[in-house]
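The structure displayed is predicted, hence computed values, not measured ones.
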Amino acid sequence: GQQVMQIPQYQHVQEGEDFTTYCNSSTTLSNIQWYKQRPGGHPVFLIQLVKSGEVKKQKRLTFQFGEAKKNSSLHITATQTTDVGTYFCAGPKAGGTSYGKLTFGQGTILTVHP
Amino acid sequence: DGGITQSPKYLFRKEGQNVTLSCEQNLNHDAMYWYRQDPGQGLRLIYYSQIVNDFQKGDIAEGYSVSREKKESFPLTVTSAQKNPTAFYLCASSRTGDNTGELFFGEGSRLTVL
């Protein structure tokens, strides 16, 4: 079945350092979504990428979708303590028409030391 | 404010008992979902529903049951047949009809089996 793998599982950085998490799918994706879950909280949607090679920015966050639409990355420039949390990528399950049926990666847990 | 309300937030259950987790949304979304989250893992789809009185199994439906009698409500019952029910349960909803699967999550229900 479809698998979505994320690396690294954990990342510890000093405040001000950059951070990147990578996502790889075993199948070609129609789109990829990214979510952030704060400690003790629930996942919150960050962004959706649809086009091959697409790059989107949200302030210090840069999201990329690979040319083959099988991989993606999230890069945070100059991390802040507010960036702490788990970052998940997710892709639609193959087949069907319900776009909310997602396969999630395991997530990358980001810790930022002040 | 529009959103998804889950209750209870914390629930303790003895082995052999069924429990029902409530999920209510006022976003007027057609589609609703139940995901399960275990420590260090991504979210896994239990059940989903795209329309009232209809629902489908996700990847890990065994030991769970749902109903969708109203658009706003999608309760999940964790039955005694679920072998490892201790987990964080997340209800979500999404719009249908457009090419986005952005999920809106509730705050979750944490179930512990004693």
Enclosure of B:Glu107 CD (heavy-atom neighbours >12, cutoff 6.0 Å): no

Under 4.5 Å, counting heavy-atom pairs only, tell me which of B:Ala92, B:Ser93, B:Gly106 racks up the most with chain A. B:Gly106

To the closest 0.5 Å, what do you measure between CZ (A:Phe104) and OH (B:Tyr35)? 5.0 Å

Between the main-chain N or O of B:Glu102 and the side-chain N or O of A:Tyr35, is there a donor-acceptor pair closer than 3.5 Å? no

Membership question, hydrophobic clusters at under 4.5 Å side-chain separation (ILVMFWY): are A:Tyr22 and A:Ile76 in the same one? no

Would you indicate whether A:Arg38, at its atom CZ, is surrounded by more than 12 heavy atoms from other residues, nucleotides or ligands within a distance under 6.0 Å? no

Side chain, backbone, both or neither: which part of A:Gln37 has a non-hydrogen atom closer than 4.5 Å to chain B? side chain

Below 4.5 Å from any heavy atom of chain A, which atoms of B:Gln37 appear? Answer side chain, backbone, both or neither. side chain

Within-4.5 Å side-chain heavy-atom neighbours: A:Thr103 and B:Arg44: no

Here the pair of heavy atoms bringing B:Leu103 nearest to A:Gln33 is N-OE1, 4.2 Å

Over 12 foreign heavy atoms within 6.0 Å of CD1, B:Ile51: no

Taking atom CD of B:Glu69 as the centre, does the number of heavy atoms from other residues, nucleotides or ligands within less than 6.0 Å exceed 12? no

Could you state whether A:Leu29 and A:Tyr87 fall into the same hydrophobic cluster, counting links through intermediate Ile, Leu, Val, Met, Phe, Trp or Tyr residues with side-chain heavy atoms under 4.5 angstrom apart? yes

Shortest non-hydrogen pair, A:Phe88 vs B:Leu43, comes out as CZ-CD1, 4.1 Å

Determine whether a donor-acceptor pair (N or O, by modelled atom type, separation under 3.5 Å) exists between the side chain of B:Tyr33 and the backbone of A:Leu102. no

Please tell me whether A:Ile109 and A:Val112 are part of a single hydrophobic cluster in this structure, the criterion being side-chain heavy atoms less than 4.5 Å apart. no

B:Glu62 atom CD, over 12 foreign heavy atoms within 6.0 Å: no

So what's closer than 4.5 Å to chain A heavy atoms on B:Asp30: side chain, backbone, both or neither? neither

What part of B:Phe88 gets within 4.5 angstrom of chain A, counting heavy atoms only: side chain, backbone, both, or neither? side chain

Heavy-atom side-chain contact between A:His42 and B:Ile4 under 4.5 Å: no

